[in-house]
Chemist: 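Structure in C-alpha cells, see below.
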Amino acid sequence: MPPQGPAEQPTSELDARYSSALHARPGAADVTATEWAEAERQMTTAEIFWVSTVRADGRLHVTPVIAAWHDGVLYFSTGKGEQKAKNLAHDSHCALTTGGNSLGEGLDLVVEGKAEPVTDPAVLDEVIAAYETKYGPHITSPEGTFHGIGDAFRRGDVVVFAVAPATAYGFGRREGVYTHTRWTF
C-alpha cells in the first residue's frame with residue numbers, strides 16, 4: 001500500500017539565508033514563506049518533473065518523468081528494467097523537482113521522500129484518473145505520446161511509485177525578490 005498523504009499541513013519555514021530578506025531591495029522586507037497550497041497548485045499543473053535516485057555504487061541518476069499529485073502524494077512510473085527502478089529497488093530515497101528556467105520569475109520545487117511501489121488496483125485507478133485529468137489527450141487519445149499508460153499500470157508492465165513528501169523546498173522568484181521555503185511533514 002502506498003504512503004497516505006500528509007494528515008496535516010506541513011510546517012513552513014522561510015530560510016532567510018537564501019531569501020531576499022537579507023538584501024535591501026523593494027519588497028524584500030515583506031518576504032514570507034511560500035504557502036504549501038501554492039506548491040500543491042504547481043505540482044498539480046507541472047507537466048515535467050525530474051526524479052533523482054542513487055545508483056548502487058553511489059552515483060546519482062537524474063531523469064525527466066511525468067507525474068501526478070493526488071491526495072498528498074506524488075506519483076510517477078518507470079519501466080521495470082529502467083535505471084531508476086533498479087536504483088529505487090536498493091534505495092527508495094529520491095527527490096522530484098519541477099519549476100522554470102527563469103531567473104526573475106517562478107517557483108522551483110524539490111520534494112524529498114521514499115518511493116514506494118503501488119500495487120493496489122483501487123489506488124492505481126485513482127492514479128490513472130489523476131494522470132488522465134492532468135495530461136488529457138497525451139494519455140487518452142490514441143495519438144497521444146503516453147496512450148495506453150493506464151493499461152500498462154493495471155497490467156504491471158511498469159512500476160508506479162508513490163512519494164509522500166518527507167521534506168519539500170520552494171525557491172521563489174518574483175520581481176527581483178527571492179524566497180526559500182522549507183516544508184516539513
Chemist: If you take all heavy atoms of Pro117 and Val159, which pair is closest and at what distance?
Modeler: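 Where Pro117 meets Val159 most closely, the heavy atoms are CB-CG1, 4.3 Å.
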Chemist: Return the minimal non-hydrogen interatomic distance between Val65 and Leu96, and the atom names on each side.
Modeler: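 In this case the closest contact between Val65 and Leu96 is CG2-CD2, 4.1 Å.
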Chemist: When rounded to the nearest 0.5 angstrom, what distance separates NE2 in His61 from NZ in Lys86?
Modeler: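 Reported value, rounded in 0.5 Å steps: 10.0 Å.
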Chemist: Counting N and O atoms only, with roles assigned by atom type, does the side chain of Tyr169 sit under 3.5 Å from a partner on the main chain of Leu109, one being a donor and the other an acceptor?
Modeler: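 Checking the backbone N and O of Leu109 against the side chain of Tyr169, no donor-acceptor pair under 3.5 Å is found.
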Chemist: Using 4.0 Å as the upper bound for N to carboxylate O, is an ion pair formed by Arg154 and Asp125?
Modeler: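 Yes, Asp125 and Arg154 are salt-bridged.
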Chemist: For Gln83, is the CD atom crowded, meaning more than 12 foreign heavy atoms sit under 6.0 Å from it?
Modeler: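 More than 12 heavy atoms, drawn from other residues, nucleotides or ligands, come within 6.0 Å of this atom.
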Chemist: Would you mind reporting whether Asn87 and Asp91 have side-chain heavy atoms less than 4.5 Å apart?
Modeler: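 Result no, sub-4.5 Å side-chain heavy-atom pair not found.
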Chemist: Would you say the side chain of Trp50 lies within less than 4.5 Å of the side chain of Thr98, judging by non-hydrogen atoms?
Modeler: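 A side-chain contact is absent here, since even the closest heavy-atom pair is not under 4.5 Å.
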Chemist: Does Asp108 reach the main-chain N or O of Gly100 with its side chain, forming a donor-acceptor pair under 3.5 Å?
Modeler: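 Pair found, side chain donor or acceptor close to backbone of Gly100.
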Chemist: Do Glu38 and Thr34 have a side chain donor and acceptor closer than 3.5 Å?
Modeler: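 Glu38 vs Thr34: no donor-acceptor pair found between side chains.
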Chemist: Salt bridge between Asp157 and Lys80, side-chain N to carboxylate O under 4.0 Å?
Modeler: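 Here Asp157 does not pair with Lys80 in a salt bridge, since their nearest N and O are not under 4.0 Å apart.
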Chemist: Would you sort out whether Thr53 and Lys84 count as a side-chain hydrogen bond (donor to acceptor under 3.5 Å, both in side chains), showing the intermediate values?
Modeler: CA-CA 6 Å; Thr53 59; Lys84 55 190 161 296; over 6 Å; no
Chemist: Is the backbone of Gly79 close enough, under 3.5 Å, to the side chain of Glu82 for a donor and an acceptor to pair up by distance?
Modeler: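 Answer holds: yes.
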Chemist: Give the minimum heavy-atom separation between Val73 and Ala164, together with the two atoms involved.
Modeler: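 That closest heavy-atom pairing would be CG1-N, 4.1 Å.
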Chemist: Does any non-hydrogen side-chain atom of Val62 lie less than 4.5 Å from one of Val51?
Modeler: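 Heavy-atom side-chain distance check fails, nothing below 4.5 Å.
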Chemist: Judged by atom type as modelled, is there a donor-acceptor pair below 3.5 Å linking the side chain of Thr140 to the main-chain atoms of Gly136?
Modeler: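 Judged by distance alone, yes, a pair lies under 3.5 Å.
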Chemist: Considering residues, nucleotides and ligands other than Asn101, do more than 12 of their heavy atoms fall under 6.0 Å from its CG?
Modeler: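 Counting neighbours around CG of Asn101, 12 or fewer heavy atoms of other residues, nucleotides or ligands fall under 6.0 Å, so no.
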Chemist: Starting at CD of Glu13, measure out to NE2 of His180 and round the result to the nearest 0.5 Å.
Modeler: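 If we round to the nearest 0.5 Å, Glu13:CD and His180:NE2 are 8.5 Å apart.
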Chemist: Report yes if some heavy atom in the side chain of Ile149 is under 4.5 Å from a heavy atom in the side chain of Ser77; otherwise report no.
Modeler: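 Touching, per the 4.5 Å side-chain cut-off.
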Chemist: Can you find a pair of side-chain heavy atoms, one from Val118 and one from Leu124, that are under 4.5 Å apart?
Modeler: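 The answer is yes, as the side chains (C-beta and beyond) meet within the 4.5 Å cut-off.
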Chemist: Quick one: do Val54 and Phe161 end up in the same hydrophobic cluster if we chain Ile, Leu, Val, Met, Phe, Trp and Tyr together by side-chain heavy atoms under 4.5 Å apart?
Modeler: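 They do not share one cluster, since no chain of ILVMFWY contacts under 4.5 Å joins Val54 to Phe161.
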Chemist: Quick one: does any side-chain atom of His90 pair with a main-chain N or O of Ala56 as donor and acceptor, under 3.5 Å?
Modeler: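 Side chain of His90 to backbone of Ala56, a donor-acceptor pair under 3.5 Å: yes, one is there.
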Chemist: So how far is it from Leu74 CG to Thr44 OG1, rounded to the nearest 0.5 Å?
Modeler: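 Answer for the CG-OG1 pair, Leu74 versus Thr44, is 9.5 Å.
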Chemist: Assess the residue pair Arg55 and Asp57 against the criterion (salt bridge (charged side-chain N to carboxylate O under 4.0 Å, His left out)); give the C-alpha distance rounded to whole Å, side-chain angles, the decisive distance to 0.1 Å, and a yes or no.
Modeler: CA-CA 5 Å; Arg55 297 173 194 260; Asp57 64 6; 5.3 Å; no
Chemist: Roughly how far, to the nearest 0.5 Å, is the CZ atom of Phe76 from the OG1 atom of Thr63?
Modeler: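 That separation rounds to 10.0 Å.
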Chemist: For the CD atom on Glu105, are there more than 12 heavy atoms of other groups (residues, nucleotides or ligands in this structure) within a distance under 6.0 Å?
Modeler: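 It does: Glu105 CD has more than 12 such atoms within range.
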Chemist: Taking all atoms of both residues into account, what is the closest heavy-atom pair of Tyr131 and Ala67, and its distance?
Modeler: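 Looking at all heavy atoms of both residues, the shortest contact is OH-CA, 3.7 Å.
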Chemist: Could you point out which residue of Met43, Glu126, Lys134 forms a side chain to side chain contact (heavy atoms under 4.5 Å, CB included) with His70?
Modeler: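 Output: one option passes, namely Glu126.
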Chemist: How about Trp36 and Phe185: do any of their side-chain heavy atoms sit closer than 4.5 Å?
Modeler: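 Yes, side chains in contact.
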Chemist: Taking all non-hydrogen atoms of both residues, which atom of Gly72 and which atom of Pro165 are closest, and how far apart?
Modeler: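 Nearest heavy atoms, Gly72 then Pro165: O-CD, 3.4 Å.
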Chemist: Tell me, with the steps shown, if Tyr135 and Ile66 meet side-chain contact (heavy atoms from CB on, under 4.5 Å).
Modeler: CA-CA 9 Å; Tyr135 293 103; Ile66 60 173; 3.4 Å; yes
Chemist: Carefully, step by step, assess Trp183 and Ser12 under the rule side-chain hydrogen bond (donor to acceptor under 3.5 Å, both in side chains).
Modeler: CA-CA 5 Å; Trp183 297 284; Ser12 300; 3.2 Å; yes
Chemist: First locate atom CG of Leu107, then atom CD of Gln42, and finally report the distance between them rounded to the nearest 0.5 Å.
Modeler: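 The CD atom of Gln42 is 4.5 Å from CG of Leu107, to the nearest 0.5 Å.
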Chemist: Testing the basics here: between Phe171 and Val110, what is the closest heavy-atom pair and its distance to 0.1 Å?
Modeler: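 Looking at all heavy atoms of both residues, the shortest contact is CE1-CG2, 4.0 Å.
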Chemist: What's the separation between atom CG in Leu14 and atom OG1 in Thr32, rounded to the nearest 0.5 Å?
Modeler: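 Here the interatomic distance stands at 7.0 Å.
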Chemist: Side-chain contact test, heavy atoms from C-beta onward, threshold under 4.5 Å: evaluate it for Cys94 versus Val163 and give yes or no.
Modeler: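 They are in contact (side-chain heavy atoms under 4.5 Å apart), so the answer is yes.
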Chemist: Has Arg174 got more than 12 heavy atoms of other residues, nucleotides or ligands less than 6.0 Å from its CZ?
Modeler: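 Counting neighbours around CZ of Arg174, 12 or fewer heavy atoms of other residues, nucleotides or ligands fall under 6.0 Å, so no.
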Chemist: Side chains of Val111 and Thr97: does their closest heavy-atom pair fall under 4.5 Å?
Modeler: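 Side-chain contact under 4.5 Å: no.
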